[in-house]
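The structure presented is a predicted model; accordingly, all values stated were derived computationally and were not measured.
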Amino acid sequence: MFTEEQEALVVKSWESMKKDAGEWGLKYFVKIFEIAPSAKKMFPFLRDSNVPVEQNPNLKAHAKTVFVMTCEAAVQLRKAGKVVIRDSSLKKLGATHFKYGVADEHFEVTKYALLETIKEAVGEKWCPEMKSAWGEAYDQLVAAIKTEMK
C-alpha cells in the first residue's frame with residue numbers, strides 16, 4: 001500500500017524536478033545505457049544513429065515522455081488507488097514492452113537508474129524514506145505494465 005507519507009515525499013520531489021523533466025529524463029536514460037549498454041538495441045531510433053545518445057533528438061523526446069509519465073503515475077498512485085497513465089494506456093505500454101522483449105532484469109536496471117536520477121535531482125532532500133516511496137511507486141507501475149504484457 002502506498003502511504004500518505006510516501007505520497008507526500010513523491011509529490012514534493014516531483015515538484016522540484018518537474019520544470020527540468022526533459023533534462024532529468026535524459027539523465028535517466030543515459031544512466032540506463034551506462035549500466036546496460038545493450039539496452040540501446042531495444043530502441044529503433046538508436047540502432048542506426050551515429051549521434052551520441054545524449055544528443056539524439058528522438059531519445060530526448062522519448063526520455064522526457066517516459067520520465068514525466070513515470071513521475072506522474074507515482075504522484076497520483078494513492079489518490080487513484082491504482083496505476084493510471086495519462087496520454088496512453090497500460091495495454092499499449094504492456095504491448096510495447098512485450099514487443100521489444102523487456103524482461104525482469106530490464107525493469108531492475110531502470111528502477112536503479114530512476115532512483116539514482118531522482119537522488120541526483122533532489123540532492124540533500126534524498127533520504128531512505130524517499131527512496132522507499134519512489135521504489136514502491138515504481139514497483140506498482142511495473143506490476144501494472146507486466147500484467148498487460150501477458
- Kindly indicate, with the supporting measurements, whether the criterion side-chain contact (heavy atoms from CB on, under 4.5 Å) is fulfilled by V142 and K111. CA-CA 9 Å; V142 167; K111 179 180 181 176; over 6 Å; no

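Applying the side chain to side chain donor-acceptor pair (under 3.5 Å) rule to pairs touching residues 95-108 yields D104-K146, sequence neighbours excluded. For residues 51-68, every residue pair satisfying the side chain to side chain donor-acceptor pair (under 3.5 Å) rule, not counting sequence neighbours, is listed here: S49-N56.
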For a quick test of your reading: what N or O donor-acceptor pairs under 3.5 Å do the side chains of residues 112-126 make, sequence neighbours left out?
{"residue": "T117", "atom": "OG1", "partner": "A113", "partner atom": "O", "Å": "2.7"}
{"residue": "E120", "atom": "OE1", "partner": "K31", "partner atom": "NZ", "Å": "3.3"}
{"residue": "E120", "atom": "OE2", "partner": "K27", "partner atom": "NZ", "Å": "3.1"}

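If you chain together hydrophobic residues whose side chains sit under 4.5 Å apart, F29 and I35 fall into the same group. Using a 4.5 Å cut-off between side-chain heavy atoms of Ile, Leu, Val, Met, Phe, Trp and Tyr, with links allowed through other members, V51 and V30 fall into different hydrophobic clusters.
When the salt bridge (Lys or Arg N to Asp or Glu O under 4.0 Å) test is applied to K18, the partners found at least two apart in sequence or on another chain are E15. Scored by the side-chain hydrogen bond (donor to acceptor under 3.5 Å, both in side chains) test, T70 finds no partners at all (sequence neighbours excluded). Every salt bridge (Lys or Arg N to Asp or Glu O under 4.0 Å) that E7 has, sequence neighbours left out, goes to R78. Scanning for side-chain hydrogen bond (donor to acceptor under 3.5 Å, both in side chains) contacts around K82 gives an empty result, with sequence neighbours left out. Considering only residues two or more places apart in sequence or on other chains, K131 meets the salt bridge (Lys or Arg N to Asp or Glu O under 4.0 Å) condition with none of them. Shown here are the side-chain contact (heavy atoms from CB on, under 4.5 Å) partners of A133, two or more places apart in sequence or in another chain: Q6, L9, V10. Applying the salt bridge (Lys or Arg N to Asp or Glu O under 4.0 Å) test to D20 and every residue at least two apart in sequence or in another chain returns nothing. Annotation: side-chain contact (heavy atoms from CB on, under 4.5 Å) contacts of A80 (sequence neighbours excluded): Q76, V84. When the side-chain contact (heavy atoms from CB on, under 4.5 Å) test is applied to Q140, the partners found at least two apart in sequence or on another chain are F2, L77, V83, E136.
Contact record, A74 with A137: CB-CB, 3.5 Å, taken as the closest heavy-atom pair. Considering every non-hydrogen atom in both A21 and F67, the closest pair reads O-CD2, 3.7 Å.
Between F33 and L59, the closest side-chain pair of non-hydrogen atoms falls below 4.5 Å.
By the neighbour-count criterion of 12 heavy atoms within 6.0 Å, atom CZ of F98 is sparsely surrounded, having that number or fewer from other residues, nucleotides or ligands.
Side-chain atoms of T147 come within 3.5 Å of backbone atoms of A143 as a donor-acceptor pair (strictly under, hydrogens ignored).
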